[in-house]
Amino acid sequence: MGTSSLYRRELFQRLKLPFETANPAIDETPLHDEMPEATALRLAENKAHAVAAMYHDALIITADQVAVMEGIQLGKPLNYANAVKQLRLMRGKEVIFYTALCLLNSRTNRLQARLVPYSIKFRALSDPQIEHYLSKEQPYHCAGSAKSEGLGIALIEWMKGDDPNALIGLPLIALVDMLLAEGVEII
């Protein structure tokens with residue numbers, strides 16, 4: 001079981017299960033005319049199959065997240081300039097984070113996949129507030145340029161969804177259901 005994301009690893013540790021991490025190293029480019037939800041699911045599934053090639057008798061857990069605002073897919077900013085542009089674009093608006101979760105039993109080839117949406121509304125931030133936030137926290141590898149588990153919570157006016165862990169990148173409630181379906185007892 002595992003993930004290469006630091007944030008997902010920290011969340012997974014809450015379940016107190018042994019795991020290994022792997023980096024599937026797949027192309028994460030969205031396909032032309034692909035809906036964001038489909039992108040997230042396809043990438044999570046592709047990651048699972050890539051890791052299954054390395055682990056032939058394991059439960060492989062993968063996830064991918066896509067942020068969408070008014071039909072525009074928002075990726076990871078990767079640098080300061082892109083994060084400023086993203087946060088300016090999102091101020092005062094609702095953004096939906098689609099987290100796709102897959103659990104692949106590489107021994108039986110059984111794949112479970114779920115899409116877990118989570119909505120947030122960003123505050124109407126000023127340019128100095130955006131710049132100050134980015135100087136304190138560099139969320140350049142986070143879709144939407146904000147880390148809700150850190151100082152980024154101050155950018156958010158409200159949040160809606162079934163599992164707040166989905167916003168961080170690993171919906172634990174859905175994952176527990178999937179693990180139970182594979183016979184893994186959590187408690």
Side chains of [X] and [Y] in contact at under 4.5 Å (non-hydrogen atoms):
X	Y	value
V68	Y98	yes
F97	S119	no
L101	I61	yes
I120	S148	no
Y118	P164	yes
R114	D177	yes

* Is the CE atom of M69 crowded by more than 12 outside heavy atoms at less than 6.0 Å? ->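 Buried by this count: over 12 neighbours within 6.0 Å.
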Q) Would one find more than 12 heavy atoms of other residues, nucleotides or ligands at under 6.0 Å from atom CG of D162? A)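 Open.
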[X] (side chain) donor-acceptor with [Y] (main chain) under 3.5 angstrom:
X	Y	answer
S145	L87	no
T99	L170	no
Q65	L167	yes
R110	L104	no
D163	L172	yes
Q86	A83	no
N82	P77	yes
S106	D57	yes
Q112	M178	yes

Could you give the distance from [atom1] ([X]) to [atom2] ([Y]), rounded to the nearest 0.5 Å?
X	Y	atom1	atom2	result
M90	K121	CE	NZ	14.0 Å
C102	N46	SG	CG	9.0 Å
Y55	E20	OH	CD	4.5 Å
E182	E185	CD	CD	12.5 Å
L89	L74	CG	CG	6.5 Å
I168	N165	CD1	CG	5.5 Å

May I ask whether [X] and [Y] are part of the same hydrophobic cluster, defined by side-chain heavy atoms of I, L, V, M, F, W, Y residues being less than 4.5 angstrom apart, directly or through others?
X	Y	result
L17	L103	yes
L155	I153	yes
V116	I156	no
I173	L15	no
V66	V95	no

Can you give me the closest heavy-atom contact between [X] and [Y], atom names plus distance?
X	Y	result
Q73	P30	NE2-CG, 3.5 Å
R42	T29	NH2-O, 3.1 Å
F122	A146	CE2-CB, 4.1 Å
N23	M54	O-CE, 4.3 Å
A113	E45	CB-OE2, 3.8 Å
A40	L115	CB-CD1, 4.3 Å

Assess whether salt bridge (Lys or Arg N to Asp or Glu O under 4.0 Å) is satisfied between E131 and R88, documenting all intermediate values.
CA-CA 10 Å; E131 292 162 13; R88 284 179 179 166; 3.6 Å; yes
For the residue pair Y80 / Q138, report whether a side-chain donor-acceptor contact shorter than 3.5 Å exists.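 Distance-only check fails for Q138 and Y80.
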(request) Please check if any side-chain donor atom of E137 sits under 3.5 Å from a side-chain acceptor atom of Y133, or the reverse. (result)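 Side chains of E137 and Y133: pair found under 3.5 Å.
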**Sidechain N-carboxylate O distance under 4.0 Å for D127, R91** =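 Result for this pair is yes, salt bridge flagged.
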Assess whether side-chain contact (heavy atoms from CB on, under 4.5 Å) is satisfied between K136 and L134, documenting all intermediate values.
CA-CA 5 Å; K136 298 263 184 204; L134 292 173; over 6 Å; no
